[in-house]
Number of protein chains: 2
Amino acid sequence: MAAAAAACRLLRLAPRRLRSPRHSLFPTPLALSSGWRRYCAAAPPVAAAATPTGDAVGEFRRRIRVAEVKGGEDQGAAWVGKELTVRGWVRTCRAQRTVTFVEVNDGSCLSNMQCVLTPETEGYDQIDSINTGASVLVEGVVASSQGGKQKVELKVSKIIVIGESDPTSFPIQKKRASREFLRTVAHLRPRTNTFGAVARVRNALAYATHKFFQDSGFIWVSSPIITASDCEGAGEQFYVTTLLSNSAEGGCLVNSIPSKDGRVDWSQDFFCKPAFLTVSGQLNGETYASALSDVKYILENCKEDMDFFDTWVEKGIIDRLNNVAEKNSVQMSYSDAIKLLIGSNKKFEFPVKWGLDLQSEHERYITEVAFGGSPVIIRDYPKEIKAFYMRQNDDGKTVAAMDLLVPRVGELIGGSQREERLDYLEARLDESNLNKDSYWWYLDLRRYGSVPHAGFGLGFERLVQFATGIDNIRDAIPFPRVPGSAEF
Amino acid sequence: MAAAAAACRLLRLAPRRLRSPRHSLFPTPLALSSGWRRYCAAAPPVAAAATPTGDAVGEFRRRIRVAEVKGGEDQGAAWVGKELTVRGWVRTCRAQRTVTFVEVNDGSCLSNMQCVLTPETEGYDQIDSINTGASVLVEGVVASSQGGKQKVELKVSKIIVIGESDPTSFPIQKKRASREFLRTVAHLRPRTNTFGAVARVRNALAYATHKFFQDSGFIWVSSPIITASDCEGAGEQFYVTTLLSNSAEGGCLVNSIPSKDGRVDWSQDFFCKPAFLTVSGQLNGETYASALSDVKYILENCKEDMDFFDTWVEKGIIDRLNNVAEKNSVQMSYSDAIKLLIGSNKKFEFPVKWGLDLQSEHERYITEVAFGGSPVIIRDYPKEIKAFYMRQNDDGKTVAAMDLLVPRVGELIGGSQREERLDYLEARLDESNLNKDSYWWYLDLRRYGSVPHAGFGLGFERLVQFATGIDNIRDAIPFPRVPGSAEF
């Protein structure tokens, strides 16, 4: 969840403030997960004299979230008759003659808690402030719901409007807003059904990925985002520099940029040479990647969100994912894939010819049509269209690269066996016009105890797209950066 | 682990190559973790005609690592008599009259596998290539060890040198190398005891952090690293720009930088305005953080590595960590901390005065001396030394900020309650000379359903330092970036 929602869930770390009146908003801890350490009495200071002793530190407390109440098999039935406090944002407010229904969502799941207010409810006089987007604290007793939409609702004894939301200017109104519009309010969109669900599924995919690799004995390595090595021939490079400081009012004077013989003097830059945002951490051995068993994970752990995507975003997505999870994977060589595409006699927009890269339309045809929804691995690509570090096959023309294609998204994973032979690797660097000196450390790995090895990268945002049915990759990223915009 | 070690552990994804002779290096899968999906037969393609069918895809296979053999309670005794294949790097090779001992480390744990070679061993003729740093594959039978150092060793039937390592140039020799030197060979240092252990503990801390928050119902959010918002007054800013492309041989001509009236023309840059590396994702609601129960996690899960740090890096570190994990936390206000420091009559290098920030020496005195090793929370700092978004206390002089101090490292966690009141926040932005327009979205969160909320950040590298006893923070990061160097 984005800023507000996420921050609201963070540990509360100013316990003394709990005594102040405003903090009576957060009353009795409803549950204390056992096993967590208690912070209680202050240890007497070793230094004697007038040193003041410290105060006690409060307990670690866990909020009860709507997901914990309504997320189980019984949809909350076991909670009937129990007291509950819900903190969240108002989705809708419907006033009827004797009762008012307020739908409150706390971001923990798709479901709202339906809160039933009567004129007897404490705080009922604030009814005019209970607008879409307002944050509220609601106390009451869980009851069976008359409505067909949910098993339980909250009979509210007390409501407090914590943060108002002006209905005339709040950008997200009840009606469905377009995803294009929601991108312009990326700070508020996690409060919608779609983006709340995307955030939860994205989180589950990331955690499943970590868990898979930890359980399999892999070690996570953080790789740098700034590099001084030549990039892999990526067209436009993002320089990371401190040479452009706003030395003058109104912007950076070009004349003030350190230079030598009319050229930028990199020796005066932070890293004493040009540095860039890296396009990949793979040369550093980044192992953060994923595998398809994740798909099973979200079908089990994000059921409600997946049902939502199935109904509203892409009909049949659950079947498609089950299909991929259950069907066998197929592999074929790039050369055979080219034959298959030519043999299909289908008209493609982009040309199909040995030596050219496969386009998305080709990849989707192979996995969706030719193999009816199975994941397909294509391997042994022409070396000219692949990176220098991929292992050359014995035919001298192809390299041991592989792409995993899945329906709708096309390439989900790209990987390769790496060139472990020093002489082959040096020759490929030369062929690719790359500077061998920049890669001294990468070559060292072939000089000292080289091993045959392979790796792959998974487009994590593509995995989120694939799993949710979301069309535009910008909607799979909390705060996307695109040409002309680095907003939020 | 860095490049070689990590890559070596990656999934092997080119299964058809297994048939080639070189790949007989990786023979029978020794264990197949159950529950993983099998990739087997190819589905018949839907499209008929001459379309070639795909090949079968091999099974997901898990290697047996040294940690799995020697890491248990019995230190490998249950493996005696069983066949085992070890793949790793040679640490040392000691030739005696009739037998040769080769210590092989595969990066999964601190322990090497002692491999015993005799002239009868297949591959014994390669003995001259078995040097420190060489990668080898060793097959044999696990046996009880005569030596006192380990419970089991491997009686080797076959050894293959996979990648040689020239002993005259391999930079890491048997003797202990200084950490300063090892920083210059960051691509090879994970093969040392210290940096192997740092990598494993770092991994365990990161995973424990994720697990803690997932188990507590938090959602992980990825926040952008590029921002166009003003930074929080960080001195030197790292610009991210595409305007400095090497348009000319020999470097970027200053005259070729797009400009208008002598100033850099940001409208022509990638994001159409100046963009920077962000100094923090916290405004975006990043929730990646940690809590002290992690310390317990590594004491349980990285026992061998922690014993190593206790013996070789910092005597008593395990006691210190246990101490912190078991002792109660203390909290006190900044004002009381100032009184305590002044009352201590200790000579500090930096001045102690209300309104000045606490220095590391002050923080360490409080946690190490005044409170004898307890974690100490200091709260309510003067607003002048803290960021604009922290909530102003009722005294008008301090903000609801907190720092958690621990022995040796000082500040480990910094957090604050955020200012949820729109008018206070706007006033603070003005006071801090920050541009309100850049923060429109952050202010929106106070306009629409604002909530009291708090958050904290943990210096992850400091946590690694704290947990391992490593002095220099550069040694807690796989590939550190520092002024004048963005190597590797």
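Chain letters run A, B, ... following the sequence lines, proteins first, then strands; residues in each count from 1.
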Subject >> Matching residue for B:His187 among A:Trp441, A:Tyr448, A:Tyr442 - test: side chain to side chain contact (heavy atoms under 4.5 Å, CB included) >> reply: A:Trp441
Subject >> B:Phe170 vs A:Arg447 side-chain heavy atoms within contact, under 4.5 Å >> reply: no
**OP:** Taking side chain to side chain contact (heavy atoms under 4.5 Å, CB included) as the test, write out the residues that go with B:Asn203, two or more places apart.
**Re:** A:Gln214, A:Ile219, A:Trp220
Original post:
Which residue out of B:Ser259, B:Ser165, B:Pro171 racks up the most heavy-atom pairs below 4.5 Å with chain A?
Top reply: B:Ser165
Original post:
If only atom types and distance count, is the side chain of A:Tyr239 paired as donor or acceptor with the main-chain N or O of B:Leu244 below 3.5 Å?
Top reply: yes
Original post:
Does any non-hydrogen side-chain atom of B:Thr241 lie less than 4.5 Å from one of A:Val240?
Top reply: no
Original post:
Angle class for the B:Phe238/A:Phe270 ring planes (parallel below 30°, perpendicular above 60°, tilted otherwise)?
Top reply: perpendicular
**OP:** Kindly say whether B:Ser450 contributes a backbone atom to a donor-acceptor pair with the side chain of A:Ser135 at under 3.5 angstrom?
**Re:** yes
**OP:** Please determine, among A:Leu243, A:Asn255, A:Asp444, A:Val136, the option with the most heavy-atom pairs under 4.5 Å with chain B.
**Re:** A:Asp444
**OP:** Looking only at non-hydrogen atoms, find the nearest pair between B:Val254 and A:Arg263 and report the distance.
**Re:** CG2-C, 3.9 Å
Subject >> Heavy-atom side-chain contact between B:Val264 and A:Ile257 under 4.5 Å >> reply: yes
